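Scroll down for the structure; my scribbles are underneath it.
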Amino acid sequence: MPQNFEIRVISLKNQLDRREKINNLFDNKNIRWSFFDAISGKDIQPFLRMYDRKKRLQTPGYDLRDNEIACFLSHRAVWQECLKENKSFLILEDDVSINTSLPRFLDSINNIIETVAENNLFIRLGNTFKKKYIKVHSINKNLNITRYYKDPYGGFGYLISPLIAKNLINNSNIFWTPVDDFLWRGWDHDSCLLDIWPSLISTSDIDNPSSIGDRKKPKISLFKKIKREFFRAIENKQKNTYQKTIISRIEKNEFNITR
């Protein structure tokens, strides 16, 4: 089956071991793919005007790390490529592993793109944690598109159409969350992130050091905690309203994602 999408693998230039693994996976197999040279945490200074530090400190109560900002900027740059080339993109981070054979994986991606309408082609292929989900549509007897009740986290591999890329770009001129959080936040960018079950990819970051760095939350003062809870309550109301609306539409068969 002809490849009807482009593959971009986000990777820092100095991640030689990870790049070798990706090269071994894709090279010399008649696949269109390329690395996107990720922005380093050392190079974010020109982009810091895009980072809403005030809102970040209001809600979680602590800053994004430099590498988290750089990761967001790298993904956003690939969205811009997707929009410019006007083609569907499979966006991968360089720590991914494919959970099936490569030919079956590529056929699955082609089938998803041929089935799902462009305005809904925003589909994550794997996530970090197992959560409860509701089935939206069956691609075939072995592959389902789902929506999770709670975010299972992960931004290491997903499909987007140019239309979705445009939505994400237009609503991320200013950002304050890690990119994987942003992908889930459909109430911010009006694009509903769906998932594939069973997952087609997984990440090795669970067992290996992440290039983003340690994500442990720093300690914050009691005053900041009280202030944070106020802003979190506003956030949770938006999130819960959005999620209830999406799940209700799915349950009523009003969420038609096919072409």
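No experiment lies behind these values; they were computed from the predicted model shown.
In this structure a side-chain-to-backbone donor-acceptor pair under 3.5 Å is present from Asn110 to Asn4. With Arg56 contributing its side chain and Thr177 its backbone, the two residues share no donor-acceptor pair below 3.5 Å. Between the side chain of Lys21 and the backbone N or O of Asp94 there is no donor-acceptor pair closer than 3.5 Å. Between the side chain of Asn240 and the backbone N or O of Asn236 there is at least one donor-acceptor pair closer than 3.5 Å. Judged by distance alone, with hydrogens and angles left aside, the side-chain atoms of Gln3 form a donor-acceptor pair with the main-chain N or O of Phe5 at under 3.5 Å. The backbone N or O of Leu163 lies less than 3.5 Å from a partner atom in the side chain of Glu118, making a donor-acceptor pair. The backbone N or O of Lys237 lies less than 3.5 Å from no partner atom in the side chain of Tyr242, so there is not a single donor-acceptor pair. Between the Glu68 side chain and the Arg65 main chain, a donor and an acceptor come within less than 3.5 Å of each other.
In this structure, OG on Ser161 lies 11.5 Å from NZ on Lys166, to the nearest 0.5 angstrom. Going from atom CG of Leu159 over to atom CG of Asn120 covers 13.0 Å, rounded to the nearest 0.5 Å. Between atom CD1 of residue Ile139 and atom CD1 of residue Ile109 there is a gap of 10.0 Å, rounded to the nearest 0.5 Å. A distance of 11.5 Å separates OG in Ser11 from CG in Leu92, rounded to the nearest 0.5 Å. In this structure, Asn24 CG and Arg19 CZ are separated by 14.0 Å, a value rounded to the nearest 0.5 Å. Between the SG atom in Cys71 and the CG atom in Asp180 there is a gap of 7.5 Å [rounded to 0.5 Å].
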Extract all donor-acceptor atom pairs below 3.5 Å that involve side chains of residues 195-202 and protein atoms in other chains or at least two apart in sequence.
| residue | atom | partner | partner atom | Å |
| --- | --- | --- | --- | --- |
| Asp195 | OD1 | Arg124 | NH2 | 3.1 |
| Asp195 | OD2 | Arg124 | NE | 2.8 |
| Asp195 | OD2 | Asn127 | ND2 | 3.0 |
| Trp197 | NE1 | Tyr133 | OH | 3.2 |
| Ser202 | OG | Asn99 | OD1 | 3.1 |

Tell me which donor-acceptor pairs under 3.5 Å the side chains of residues 72-79 have, and how far apart each pair is, sequence neighbours excluded?
| residue | atom | partner | partner atom | Å |
| --- | --- | --- | --- | --- |
| Ser74 | OG | Ile39 | N | 2.8 |
| Ser74 | OG | Ala70 | O | 2.9 |
| His75 | ND1 | Tyr158 | OH | 2.7 |
| His75 | NE2 | Glu93 | OE2 | 2.7 |
| Arg76 | NE | Ser172 | O | 3.2 |
| Arg76 | NE | Ser172 | OG | 2.7 |
| Arg76 | NH2 | Ile169 | O | 3.0 |
| Arg76 | NH2 | Asn173 | OD1 | 2.8 |
| Trp79 | NE1 | His75 | O | 3.4 |
| Trp79 | NE1 | Tyr158 | OH | 2.8 |

Validation: residues 250-257 side-chain donor-acceptor distances under 3.5 Å, sequence neighbours left out:
| residue | atom | partner | partner atom | Å |
| --- | --- | --- | --- | --- |
| Asn256 | OD1 | Thr258 | N | 3.3 |
| Asn256 | OD1 | Thr258 | OG1 | 2.9 |

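The side-chain hydrogen bond (donor to acceptor under 3.5 Å, both in side chains) test applied to Asn167 returns Ser191, not counting sequence neighbours. With sequence neighbours left out, Glu114 forms a side-chain hydrogen bond (donor to acceptor under 3.5 Å, both in side chains) with no residue at all. Remark: Lys132 engages Tyr149 in a side chain to side chain contact (heavy atoms under 4.5 Å, CB included) (not counting sequence neighbours). With sequence neighbours left out, the side chain to side chain contact (heavy atoms under 4.5 Å, CB included) criterion links Asp27 to Asn23, Trp33. Residues that satisfy the side chain to side chain contact (heavy atoms under 4.5 Å, CB included) test with Gln45, not counting sequence neighbours, are Leu48. Every side chain to side chain contact (heavy atoms under 4.5 Å, CB included) that Ile174 has, sequence neighbours left out, goes to Asp52.
For NZ of Lys29, the number of neighbouring non-hydrogen atoms (other residues, nucleotides, ligands) closer than 6.0 Å is greater than 12. Atom NZ of Lys131 has more than 12 heavy atoms from other residues, nucleotides or ligands within 6.0 Å.
Heavy-atom minimum distance, Gly41 versus Asn67: CA-OD1, 3.2 Å. In terms of heavy-atom proximity, Phe182 sits nearest to His189 at O-NE2, 2.8 Å. What you find for Pro152 and Trp184 is that their closest heavy atoms are CD-CZ3, 4.3 Å.
When side chains are defined from C-beta on, Trp187 does not count as touching Thr241, because their heavy atoms never get closer than 4.5 Å. Between Arg185 and Glu235 the shortest side-chain heavy-atom distance falls below 4.5 Å. Between Ile247 and Ile134 the shortest side-chain heavy-atom distance falls below 4.5 Å.
Ile44 and Trp176 are members of different hydrophobic clusters when ILVMFWY side chains are connected at heavy-atom separations under 4.5 Å. Taking hydrophobic clusters as Ile, Leu, Val, Met, Phe, Trp and Tyr residues chained together by side-chain heavy-atom distances below 4.5 Å, Ile7 shares a cluster with Leu125.
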Applying side-chain contact (heavy atoms from CB on, under 4.5 Å), run through Ile112 and Leu143 and close with a yes or a no.
CA-CA 9 Å; Ile112 293 168; Leu143 200 63; 4.3 Å; yes
Using the side-chain contact (heavy atoms from CB on, under 4.5 Å) rule, take Arg53 and Asp63 through it: C-alpha gap first, then chi angles, then the decisive distance, then the call.
CA-CA 7 Å; Arg53 186 169 187 260; Asp63 263 317; 2.7 Å; yes
CA sep, side-chain torsions, deciding dist, call: Lys42, Asp66, salt bridge (charged side-chain N to carboxylate O under 4.0 Å, His left out):
CA-CA 7 Å; Lys42 297 181 292 184; Asp66 287 354; over 6 Å; no
Salt bridge (charged side-chain N to carboxylate O under 4.0 Å, His left out), that's the test. Do Arg232 and Glu229 meet it? Break it down for me.
CA-CA 5 Å; Arg232 276 188 174 179; Glu229 292 311 307; 3.6 Å; yes
Step-by-step side-chain contact (heavy atoms from CB on, under 4.5 Å) determination, Val9 to Phe26
CA-CA 11 Å; Val9 182; Phe26 289 136; 4.2 Å; yes
Taking it one step at a time, do Arg8 and Leu90 satisfy side-chain contact (heavy atoms from CB on, under 4.5 Å)?
CA-CA 6 Å; Arg8 291 293 183 276; Leu90 170 58; over 6 Å; no
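Under a 4.5 Å side-chain heavy-atom cut-off, the cluster of Ile, Leu, Val, Met, Phe, Trp and Tyr residues that includes Phe129 is completed by Tyr153. Hydrophobic side-chain contacts under 4.5 Å tie Phe230 into a cluster, directly or through other members, with Phe231, Ile234.
Gln243 and Arg147 are linked by a side-chain donor-acceptor pair at a separation below 3.5 angstrom, with hydrogens and angles left out of the test. Judged purely by distance below 3.5 Å, without hydrogens or angles, the side chains of Lys13 and Ser40 never pair a donor atom with an acceptor atom.
For residues 96-116, the set of pairs meeting the ring-ring contact (aromatic ring centres under 6.0 Å, His included) definition, not counting sequence neighbours, is empty.
Only one option out of Val116, Leu194, Ile123, Asn144 pairs with Val136 in a side-chain contact (heavy atoms from CB on, under 4.5 Å); it is Leu194.
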